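Structure record follows, encoded as structure tokens.
All figures in this text were calculated on a predicted structure; none of them were measured in a lab. Order of the sequence lines fixes the chain letters, A, B, ..., with proteins taken first and strands second; residue numbering starts at 1 for each chain.
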Amino acid sequence: MMLDPKIIKEKPEIIRKMLQDRNVKFDLDSLIDLDLRRRELIIKTDELRKKKNIVSLEIASRKKAGSDAGSEIAQMQQVSSELVVLESEQLRVESEYARLAFAIPNLVHESVPRGADESANQEIRRWGQMPRADFAVRDHIEISQKLDLVDLERAAKAAGARFYFLKNSLVKLNQALINFALDFLEQKKYVLIQPPYMINKNAMEGAIIASDFQDVIYKVEGEDLFLIGTSEHAIAAMHSNEILEGKDLPLRYAGVSPCFRKEAGAHGRDQKGIFRVHQFDKVEQYVFARPEESFNEHEKMLAVAEEFYQKLGIPYRVMLLSSGDLGKVSAKTYDLEAWMAGQNAYREIVSCSNCLDFQARRLKVRFRDKTNEQTQYVHSLNSTLVATTRTLVAIMENFQTRDGHINVPRSLQKYIGSGII
RNA sequence: GCGGGGGUCGCCUAGCCUGGUAGGGCGUGGGAUUGCUAAUCCCAUGUCCGUAAGGACGCGUGGGUUCAAAUCCCAUCCCCCGCGCCA
């Protein structure tokens with residue numbers, strides 16, 4: 001339901017180590033204790049149910065034979081009332097156990113550098129040439145204001161901070177990125193998916209961990225519905241409670257959807273512009289893979305993302321996140337950080353994660369090769385291909401011209417029919 | 001939204017009216033037999049607890065009635081058919 005419950009029972013020290021590596025507080029001892037009590041109660045209630053089944057059979061056969069079953073029925077009443085008490089206790093312990101167990105972060109893969117925060121992230125490689133301008137470069141806010149491509153003030157009026165109206169050619173450039181990304185992934189045989197933009201609690205809990213709910217997820221008032229923070233959330237739940245056929249794996253999906261995020265706790269960071277916003281469009285890679293294939297798939301997804309930015313001509317570096325900077329559901333994550341000339345810095349634009357069986361366990365996504373085989377949980381992986389707003393920032397800042405215009409990357413030109421904005 | 005039908009252990013299906021251990025077919029694995037990869041027959045094929053023996057649970061979900069619920073009652077979700085409304 002989270003991690004393999006066997007680990008809680010048999011090897012809690014693995015979890016303890018992981019919590020330390022992640023620099024995360026979690027009441028593991030309570031969980032271990034609850035697991036013990038939970039199993040004791042299962043044994044006791046099973047015992048009572050067994051008794052009940054035996055007496056029930058006796059009653060049935062007596063009734064059939066036409067003889068009196070009065071004392072057996074009295075016995076059943078006794079056992080049933082005992083059972084009611086124990087069952088409610090069991091339910092209480094079980095749900096407390098589940099609540100805690102659901103909050104445990106994922107294991108951390110051995111290849112992940114250990115460290116308390118992003119300062120321990122490891123740079124893997126760099127690609128591309130940073131643009132060298134012989135003029136004063138502007139940031140994307142200035143560029144977009146000047147060309148009338150974004151209206152932040154009016155968006156604040158209509159919606160609030162961290163919203164935007166895209167205008168004019170930037171609308172088309174945004175669509176161009178989406179279309180280019182979809183064509184790109186379709187060519188690589190990904191199955192195109194446009195998911196529901198709202199999903200229910202059960203589905204959402206499968207993809208993320210409780211604490212993320214408060215910080216990133218919007219709830220729809222009066223409905224059991226939540227706005228997706230990425231198509232990953234919806235696609236993760238797509239095959240919930242299914243047993244997939246081994247021969248169908250890996251399933252590679254290209255999700256396209258708007259993404260909605262609260263960005264709570266990001267006060268003051270990237271306050272202006274469209275870099276960090278409550279809503280943006282994204283094309284996402286999501287893969288269900290066999291466990292033994294998942295790290296291969298992970299590298300492949302990263303390579304696909306890199307190829308995409310190479311085609312756009314955006315310089316980037318690949319970072320391997322340290323244990324302390326890793327998301328809670330991920331066991332290993334690479335970030336692509338694009339060079340943003342206007343900020344003179346690399347900034348995150350892609351996050352590529354292997355979640356192992358963490359999400360699959362929560363959502364019961366299993367597979368097997370033969371119908372009589374034991375089922376196994378699949379591994380799930382996700383990676384941004386393009387989150388449009390951030391990539392638009394990179395394009396505006398890196399491809400700006402001396403006179404304040406923007407050169408359109410060659411691979412996008414056919415989608416907007418123009419080489420310059 | 002209204003009316004009708006449905007949801008059973010991977011898939012298909014019986015059982016529900018009339019409460020008393022969920023049966024069959026397919027698929028898959030193993031075995032038997034036959035000179036042969038065909039036919040036939042036998043066994044196995046969900047989850048949890050338990051070192052094991054064994055046991056419990058499982059009929060969309062949640063409640064209720066009952067000594068006992070797939071079966072009866074209530075609520076709820078989803079799917080199909082028809083009607084209505086609608087971009």
Side-chain angles (χ1 to χ4, degrees), chain A residues 1-12 31-102 194-206 220 222-226 234 237-249 251 288 290 357 360-378:
Chain A
M1 306 181 132
M2 10 59 210
L3 296 180
D4 188 339
K6 276 203 199 100
I7 301 177
I8 299 170
K9 185 179 146 194
E10 289 160 16
K11 302 197 167 150
L31 182 66
I32 293 171
D33 184 54
L34 280 164
D35 184 41
L36 274 171
R37 282 166 60 203
R38 178 183 80 92
R39 290 185 352 247
E40 272 169 29
L41 283 165
I42 288 173
I43 291 170
K44 281 190 192 160
T45 52
D46 276 7
E47 201 63 35
L48 277 179
R49 289 201 192 97
K50 181 183 175 183
K51 205 157 151 192
K52 206 172 132 178
N53 287 340
I54 291 169
V55 179
S56 182
L57 275 182
E58 178 63 19
I59 292 171
S61 75
R62 278 185 179 245
K63 290 238 169 175
K64 215 175 243 172
S67 57
D68 178 59
S71 77
E72 281 75 15
I73 287 175
Q75 205 185 337
M76 277 288 263
Q77 280 164 331
Q78 170 66 23
V79 174
S80 288
S81 67
E82 273 177 55
L83 194 55
V84 166
V85 176
L86 268 181
E87 271 176 343
S88 74
E89 170 70 1
Q90 190 193 348
L91 196 75
R92 206 180 55 75
V93 172
E94 203 79 65
S95 72
E96 186 63 9
Y97 169 82
R99 194 186 60 77
L100 257 186
F102 244 69
Q194 192 168 38
Y197 300 159
M198 294 174 246
I199 60 177
N200 61 38
K201 184 156 193 255
N202 197 42
M204 194 59 96
E205 280 175 340
V220 178
E223 306 273 348
D224 178 23
L225 286 173
F226 299 81
M238 200 162 89
H239 293 291
S240 63
N241 292 308
E242 287 183 29
I243 298 176
L244 305 170
E245 289 194 50
K247 68 176 170 57
D248 293 336
L249 297 176
L251 289 171
F288 292 102
R290 307 175 74 96
D357 63 2
R361 222 172 250 290
R362 295 170 152 240
L363 291 160
K364 295 194 178 61
V365 188
R366 292 152 297 169
F367 79 97
R368 62 181 168 199
D369 295 298
K370 302 280 172 63
T371 53
N372 71 329
E373 253 178 24
Q374 188 76 349
T375 58
Q376 282 186 73
Y377 288 105
V378 301

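- Nucleotides B:G24 and B:G15 place their P atoms 15 Å apart, quoted to the nearest Å.
- Between the side chain of A:Arg366 and the backbone N or O of A:Thr375, no donor-acceptor pair lies under 3.5 Å.
- Scanning both residues, A:Lys44 and A:Leu86, for their nearest heavy atoms gives CB-CD1, 4.0 Å.
- If you check B:G3 for Watson-Crick or wobble pairing at under 3.5 angstrom, you find it paired to B:C81.
- Sequence order on RNA chain B of the closest nucleotides to A:Asp35 and A:Lys52 puts A:Asp35 first from the 5' end.
- Across all non-hydrogen atoms, the minimal contact from A:Arg368 to A:Gln374 is CB-O, 3.9 Å.
- In this entry B:U65 has no Watson-Crick or G-U wobble partner, no candidate having both defining distances under 3.5 Å.
- Between A:Asn53 and B:A56 there is a side-chain polar atom (N or O) within less than 4.0 angstrom of OP1 or OP2.
- A:Gln374 has a side-chain polar atom (N or O) that falls below the 4.0 Å cut-off from OP1 or OP2 of B:U47.
- Between A:Ser80 and B:A68, a side-chain N or O to OP1/OP2 separation shorter than 4.0 Å is present.
- Under 4.0 angstrom from either OP1 or OP2 of B:C48 there lies no side-chain N or O belonging to A:Arg39.
- Look at NZ on A:Lys50: it is 13 Å from C1' on B:C49, rounded to the nearest Å.
- The P atoms of B:G3 and B:A75 are separated by 12 Å, rounded to the nearest whole Å.
- Across all strands shown, B:U13 is found opposite B:G23 as a Watson-Crick or G-U wobble partner, with both distances under 3.5 Å.
- Across B:A44 and B:G25, the matching P atoms stand 13 Å from one another, rounded to whole Å.
- Here the closest heavy-atom approach between residue A:Tyr377 and residue A:Lys364 is recorded as CE2-CA, 4.1 Å.
- Side chain A:Thr371 to base B:G10: no donor-acceptor pair is found below 3.5 Å.
- Between A:Gly206 and A:Arg362, the shortest heavy-atom contact is O-CD, 3.4 Å.
- B:C43 sits 24 Å from B:C57 when the C1' atoms are compared, rounded to a whole Å.
- If you check B:G54 for Watson-Crick or wobble pairing at under 3.5 angstrom, you find it paired to B:C49.
- Taking the C1' atoms as reference points, B:C73 lies 27 Å from B:A56, given to the whole Å.
- If you check B:G29 for Watson-Crick or wobble pairing at under 3.5 angstrom, you find it paired to B:C43.
- Taking atom C1' on both nucleotides, B:U8 is separated from B:A53 by 31 Å, rounded to a whole Å.
- In this structure, A:Leu83 atom CG and B:A56 atom C1' are separated by 11 Å, rounded to whole Å.
- Here the C1' atom of nucleotide B:G30 and the NZ atom of A:Lys370 are 12 Å apart, to the nearest Å.
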